[in-house]
There are 2 protein chains.
Amino acid sequence: MVSMKEIAQKCGVSVATVSKALNDKDDIAESTKEMIRKVADEMGFMANASARALKTNRTYNIGVLFNNDDAGLAHDYFSIILNSFKVAAEEEGYDITFVNHKIAGRESTYLKHCEYRNFDGVAIILADFKDPEIIELAESKLPAVCIDYEYYNCSSVVSDNTKGLLDIVRYAGSMGHRKIAYIHGELTDVTKNRLMGFYDGCREQGITVDPSYVLQSNYHDIEQCSECTKKLLQLEDRPTCIICPDDYSAMGCLRVLAQEGLSVPKDMSVIGYDGINMAMINGMTTYMQDSIGLGRIAFKKLADKIDHPEIPAEHSVVFGKFIEGSTVAKIGD
Amino acid sequence: MVSMKEIAQKCGVSVATVSKALNDKDDIAESTKEMIRKVADEMGFMANASARALKTNRTYNIGVLFNNDDAGLAHDYFSIILNSFKVAAEEEGYDITFVNHKIAGRESTYLKHCEYRNFDGVAIILADFKDPEIIELAESKLPAVCIDYEYYNCSSVVSDNTKGLLDIVRYAGSMGHRKIAYIHGELTDVTKNRLMGFYDGCREQGITVDPSYVLQSNYHDIEQCSECTKKLLQLEDRPTCIICPDDYSAMGCLRVLAQEGLSVPKDMSVIGYDGINMAMINGMTTYMQDSIGLGRIAFKKLADKIDHPEIPAEHSVVFGKFIEGSTVAKIGD
DNA sequence: CATTTTTGCGAAAACGTTTACTTTTTTGCA
DNA sequence: TGCAAAAAAGTAAACGTTTTCGCAAAAATG
């Protein structure tokens with residue numbers, strides 16, 4: 001690896017001059033800069049990020065933390081957020097490194113790992129805020145942005161979950177449905193907001209919610225969603241429409257319905273959530289989250305926080321849109 | 001951030017001793033080590049990766065490069081490989097950073113980026129080997145492993161693509177199919193191997209391949225696969241079985257069949273490739289690649305190369321298994 | 001007890017940058 | 001021409017480690 005020292009020798013200037021020239025500082029003559037740049041190119045010079053980071057305390061590297069227990073990377077919704085975050089970050093010269101809690105193969109904590117790698121900031125996506133390690137990280141001085149979770153201390157970007165379910169219920173209502181079941185995910189903040197939207201929507205339309213219509217499953221869990229669907233089908237007074245936790249687990253719902261010989265939407269209406277590619281292709285009625293926007297805005301927030309650590313945490317909401325597919329039938333005609 | 005200097009002061013020893021104690025070198029008394037470790041813990045010491053890398057020329061950071069044009073991260077097959085690579089790497093104390101061709105926001109090359117970040121090695125996944133930047137990287141001295149592509153210069157791990165298609169065609173044959181169409185992906189090495197398997201399988205069973213049964217689509221492209229399916233349906237002598245490039249694009253095939261009122265497998269048999277979650281759930285007949293094995297073995301190869309740069313490139317093959325779903329009908333009964 | 005060997009620790013240089021400060025050179029102006 | 005100001009370049013310290021080498025003290029040996 002060719003270093004500034006070698007460039008300096010070749011050019012007959014000092015290392016400082018090389019550094020300043022390549023960083024385009026304004027106390028170096030333009031002619032000198034050009035000459036140095038040219039030689040640096042010829043010699044195939046590439047700065048050393050470690051040395052630079054050591055000196056400047058800036059790595060231009062961002063840690064991304066996500067819950068690996070779940071589908072994690074393989075979750076369509078997540079991977080799109082991550083990808084758009086990555087694209088935005090790279091545009092601004094940041095790199096993305098995954099956060100874990102091992103250092104040199106030994107157990108450690110997320111925060112320690114971030115300190116070790118000197119990340120300029122960290123994005124916390126889909127993480128479990130019951131985990132004390134996550135709290136430790138969120139409470140730390142490290143600039144952080146949370147996606148899909150609001151923590152008082154960090155900037156955050158969340159989807160409009162309440163409105164999402166409200167839109168869904170309103171649509172179902174407009175199609176004549178009065179017996180609407182909702183299989184919701186684990187009781188996180190996200191879920192609570194969606195439930196609020198669900199109940200609001202029902203109240204708005206004068207629907208009394210039958211408690212046996214509200215079940216809990218896990219996000220992205222096809223099996224559990226299947227089980228819940230079976231339970232709903234066993235009720236003496238079946239719902240006419242089932243809202244699933246997300247598009248992916250809705251596959252489980254659809255599968256059970258098919259097994260029972262029920263056709264969608266004729267015998268049962270089904271609504272998903274997320275708007276993942278596969279759902280769109282299959283004509284699923286769903287609420288499409290703006291995952292790309294989520295990632296992009298999350299990066300922007302984080303970059304702001306990195307550049308201005310003093311600014312207070314900001315919480316923003318990204319709006320999605322309702323997608324009318326072909327899995328909900330008009331009722332009562 | 002507390003540094004070794006501060007630990008040294010508190011302990012009344014030199015910085016060198018602290019470094020050696022924390023790295024468990026054997027010229028430090030056990031009692032001293034313990035004392036230093038204790039103080040370091042109390043003070044919340046965390047080593048500085050940049051400083052360490054600068055001195056040792058080892059970052060314990062691996063670059064991961066993948067083709068972003070395609071589905072990239074959002075591709076189920078890819079994300080599983082990446083995840084298993086990541087898990088294996090973290091187990092051994094490595095971190096994963098995405099490779100791109102920007103440095104500080106300015107265009108550069110993949111190789112330069114790797115040099116800048118001082119990656120110990122790089123994993124090249126699903127990349128386009130027509131891209132001169134990729135070649136530059138593969139030709140460089142940087143330890144590299146390619147997944148799903150064999151480049152003479154790098155170690156590689158590929159799936160048993162030939163056997164995959166052979167198994168598929170044999171199965172289709174065993175189910176009585178003689179008119180088998182194959183919509184294959186872009187003509188990469190992977191595809192060529194699969195085609196070999198396809199033709200071998202057909203020959204083995206005395207099937208003369210109708211050239212109009214062999215079409216080209218793009219991997220992971222639902223629309224194109226739909227188009228190809230339409231073309232096949234327009235043939236006067238339709239095939240009885242369609243092999244798709246991958247499970248995901250097979251969705252396009254299934255959609256077209258549904259639109260045409262053809263039921264699967266009664267009116268048309270369909271076979272996918274990859275064995276992604278969604279396909280398995282839907283009972284797709286497919287060939288499941290060992291994506292987890294692919295990622296794990298790829299890391300192992302790369303780690304070997306990092307530790308022993310002198311060893312020659314090794315090419316290995318990972319075997320998947322045929323999955324008999326419910327999308328192929330028995331014919332001729 | 002004298003000598004050698006082993007053990008434990010420290011001094012200092014080095015890794016490749018950046019940057020505050022200083023020095024030298026050039027320019028502008030009276 | 002002389003002098004101040006501005007521009008250009010250099011000096012050197014620093015960032016936080018690791019590591020080679022040297023030295024002293026302790027332990028082993030005869």
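Fair warning: this is a prediction, and the values are worked out from it, not measured in the lab. All heavy atoms count here, side chains included; hydrogens, waters and symmetry mates do not.
In this model, the phosphate group of D/dG10 is approached by a side-chain N or O of A/Thr17 to a distance below 4.0 Å at OP1 or OP2.
Residue A/Ser3 is classed as a sugar-phosphate contact, given heavy-atom separations below 4.0 Å to backbone atoms only. If you check every strand for non-hydrogen atoms under 4.0 Å, A/Ala16 touches a base. At the heavy-atom level, B/Thr32 lies under 4.0 Å from the strands shown only through sugar-phosphate atoms. Contacts of A/Ala47 with the nucleic acid, taken as non-hydrogen atoms under 4.0 Å apart, involve only primed sugar atoms and P, OP1 or OP2. Heavy atoms of A/Asn23 sit under 4.0 angstrom from primed sugar atoms or phosphate atoms, though from no base atom. Using a 4.0 Å heavy-atom distance criterion, A/Thr56 is classed as a sugar-phosphate-only contact.
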- Criterion side chain to side chain contact (heavy atoms under 4.5 Å, CB included) on B/Glu91 and B/Phe299, from CA distance to verdict: CA-CA 11 Å; B/Glu91 202 56 46; B/Phe299 170 73; over 6 Å; no

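The nearest whole Å value for the distance from the CD atom in B/Glu115 to the C1' atom in C/dG16 is 15 Å. Going from atom CG of B/Asp27 over to atom C1' of C/dT6 covers 12 Å, rounded to whole Å.
In the set D/dG16, D/dA9, D/dC21, D/dG16 carries the atom at the smallest distance from any side-chain atom of A/Leu54. Listed nucleotides C/dC21, C/dT17, C/dA11 differ in distance to A/Lys20; the shortest reach to its side chain belongs to C/dC21. In this structure, of D/dA8, D/dT18, C/dG8, it is C/dG8 that holds the atom nearest to the side chain of B/Ala29.
At a threshold of 4.5 Å between non-hydrogen side-chain atoms, the residues A/Ile147 and A/Leu126 do not count as touching.
In this structure, B/Asp304 pairs ionically with B/Lys300, as a charged nitrogen and a carboxylate oxygen lie closer than 4.0 Å.
Counting atom types as modelled, A/Lys55 pairs no side-chain N or O with a base atom of D/dG16 as donor and acceptor under 3.5 Å.
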